[in-house]
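Written out below as structure tokens is the structure these notes cover.
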There are 2 protein chains.
Amino acid sequence: MRILVVEDDAVLAEGTCESLSKAGYAVDLAETGTQANSLLDAGNYDMVLLDIGLPGMDGFEVLRRLRKHNTSIPVLIISARDDVDFRIYGLDLGADDFMLKPFVLAELHARTRALLRRHVLSERNALSCGALVVDLAAQRASVNGEPIELSIREWDVLVYLLRNLGKVVRKEAIIETLCDWKTDLSVNAIEVYISRLRSKLDSHGINIRTVRGFGYLLDEPSA
Amino acid sequence: MRILVVEDDAVLAEGTCESLSKAGYAVDLAETGTQANSLLDAGNYDMVLLDIGLPGMDGFEVLRRLRKHNTSIPVLIISARDDVDFRIYGLDLGADDFMLKPFVLAELHARTRALLRRHVLSERNALSCGALVVDLAAQRASVNGEPIELSIREWDVLVYLLRNLGKVVRKEAIIETLCDWKTDLSVNAIEVYISRLRSKLDSHGINIRTVRGFGYLLDEPSA
DNA sequence: GCGCACCTGACATTAGGCTGACATTTATTT
DNA sequence: AAATAAATGTCAGCCTAATGTCAGGTGCGC
């Protein structure tokens with residue numbers, strides 16, 4: 001998931017970018033409207049975090065241009081002004097959400113997740129967890145766009161974990177979903193799949209946690 | 001347990017509905033996709049039995065619409081086609097299980113039970129006491145959102161205390177719930193669990209009180 | 001102060017989990 | 001059809017967290 005942050009305040013920009021990076025997103029920063037425009041033309045981002053109050057070309061202008069190119073990238077507007085007209089204006093221009101300054105990082109993350117889920121993921125029929133995206137239609141998994149090769153079993157287990165994000169899943173439950181009621185697998189087999197999945201995902205910062213005595217857990221990405 | 005059966009073949013529909021009714025489920029029948037949709041919008045079902053081959057709006061479309069409303073109702077797909085892509089497509093759309101026509105009623109019942117068990121019965125039901133929340137479905141405990149790591153024993157004891165909130169529980173009662181009548185634990189073991197639980201919970205303001213001579217007590221949160 | 005119930009740090013033991021290696025099955029290529 | 005490669009599942013040895021017992025300490029209630 002690539003996010004473009006458009007923010008002129010250096011301090012705020014750094015905090016935001018760092019926090020999003022830590023959560024596993026690939027983040028770029030634009031400090032002016034024009035810079036934002038060229039970056040948007042070039043790179044393919046999955047979302048834009050847009051501060052309205054920019055020197056020179058302001059945020060609304062960036063948004064207007066973006067929408068002219070008919071892209072449907074979700075845009076989250078950040079602004080210090082709160083009056084209703086202002087907000088409505090932004091949404092009419094095609095923004096998807098609106099957040100008031102100052103904001104808490106947790107809120108930023110929540111809104112980011114919601115937007116990505118609503119737009120990018122649902123359009124693509126995909127599941128995600130931080131930088132990890134699992135495209136169900138295309139049967140492909142990737143982290144930050146870099147594809148991950150998975151065998152069928154690994155794929156199934158991962159999808160199951162993603163469908164139960166934040167929940168501990170029992171090994172028996174995994175076995176049930178894997179074999180269509182015919183074979184039965186040893187519990188150890190699941191451990192092996194998890195081990196193999198980990199060897200592919202750990203290096204990308206995706207951690208499958210073990211909950212001793214219960215099963216496994218894929219945590220929702222946190223701030 | 002309310003089940004919606006979506007099936008256009010009158011004979012098959014009748015058989016299925018009758019069988020499920022006899023088993024004690026409340027069953028409704030939809031004979032077309034559109035009918036299914038409106039029923040799903042209106043009534044709250046615990047499960048859907050979905051034939052894919054429908055006149056007009058097909059089963060996949062019904063499923064897609066259902067999932068768009070992000071409901072997590074379990075869906076069991078019934079189809080005469082068996083090729084893998086087809087099956088995968090359904091499951092990716094968010095179906096929970098897949099059954100080939102023709103099927104035996106026993107299998108239908110087995111899968112129905114399994115699905116209901118997995119979903120509805122395990123639907124997020126949480127126990128809480130003040131800031132402490134114990135999510136039974138996710139197998140996770142947290143205080144003010146901050147997760148608390150618990151071992152199985154600690155978990156079991158805590159759940160038991162929470163299920164008897166405000167009541168004094170005897171140590172013997174805890175022992176009974178812990179071991180299924182097999183092992184015999186010393187009373188001291190319970191004291192140790194409580195001690196360990198306290199060391200994890202006290203700092204978060206959750207206090208397990210000792211009632212000398214009787215057992216332990218988790219107080220209902222006071223105003 | 002005394003006795004008893006309870007607490008808790010330390011320890012040995014156990015059970016659960018990890019993973020490299022191998023045998024077997026399945027898919028792909030030639 | 002044979003050869004090759006990939007995926008799968010089992011196993012065994014290793015490692016570590018969890019468990020349960022003990023023993024000495026604490027403190028409640030009389």
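Chain letters run A, B, ... following the sequence lines, proteins first, then strands; residues in each count from 1. Computed from a predicted model, the values in this text were never measured in an experiment.
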Between [X] and [Y], which heavy-atom pair has the shortest distance, and what is it?
| X | Y | result |
| --- | --- | --- |
| B/R163 | B/L136 | NH2-CD1, 3.5 Å |
| A/F214 | B/L150 | CE1-O, 4.5 Å |
| A/D135 | A/W155 | O-CH2, 3.4 Å |
| B/A36 | B/V62 | CB-CG1, 4.2 Å |
| A/L197 | A/E154 | CD1-O, 3.8 Å |

Enclosure of A/E172 CD (heavy-atom neighbours >12, cutoff 6.0 Å) | yes
Over 12 foreign heavy atoms within 6.0 Å of CD1, A/I152 = no
Starting from [atom2] on [N], measure out to [atom1] on [X] and report it in whole angstrom.
| X | N | atom1 | atom2 | answer |
| --- | --- | --- | --- | --- |
| A/E191 | C/dA15 | CD | P | 16 Å |
| A/I194 | D/dT8 | CD1 | P | 14 Å |
| A/E172 | C/dG16 | CD | P | 11 Å |
| B/L197 | D/dA18 | CG | P | 13 Å |
| B/K200 | C/dT8 | NZ | P | 15 Å |
| A/N188 | C/dT19 | CG | P | 12 Å |
| A/I190 | C/dT19 | CD1 | C1' | 15 Å |
| A/D202 | C/dC18 | CG | P | 11 Å |

Tell me whether the side-chain N/O atoms of [X] come closer than 4.0 Å to OP1 or OP2 in [N].
| X | N | value |
| --- | --- | --- |
| A/K171 | C/dG16 | no |
| B/T210 | C/dC6 | no |
| B/Y216 | C/dA5 | no |
| A/S195 | C/dG17 | no |

Going 5' to 3' through nucleotides 25-30 of chain D and flagging B where a protein heavy-atom sits under 4.0 Å of the base, S where only the sugar-phosphate is that close, and - otherwise, we get --BBS-
From D/dC22, D/dT10, D/dT19, nucleotide with atom closest to A/S186 side chain | D/dT10
Of all the choices, D/dT19, D/dA7, C/dC7, which nucleotide is nearest to the side chain of B/R198 once you look at every atom?
-> C/dC7
Taking B/N164 for the side chain and B/K167 for the main chain, is one N or O donor matched with an acceptor at less than 3.5 Å?
-> no
So which protein N/O to nucleotides 22-24 of chain C N/O distances come out below 3.5 Å?
none

Partner set under side-chain contact (heavy atoms from CB on, under 4.5 Å) for B/T210, not counting sequence neighbours | B/R198, B/Y216
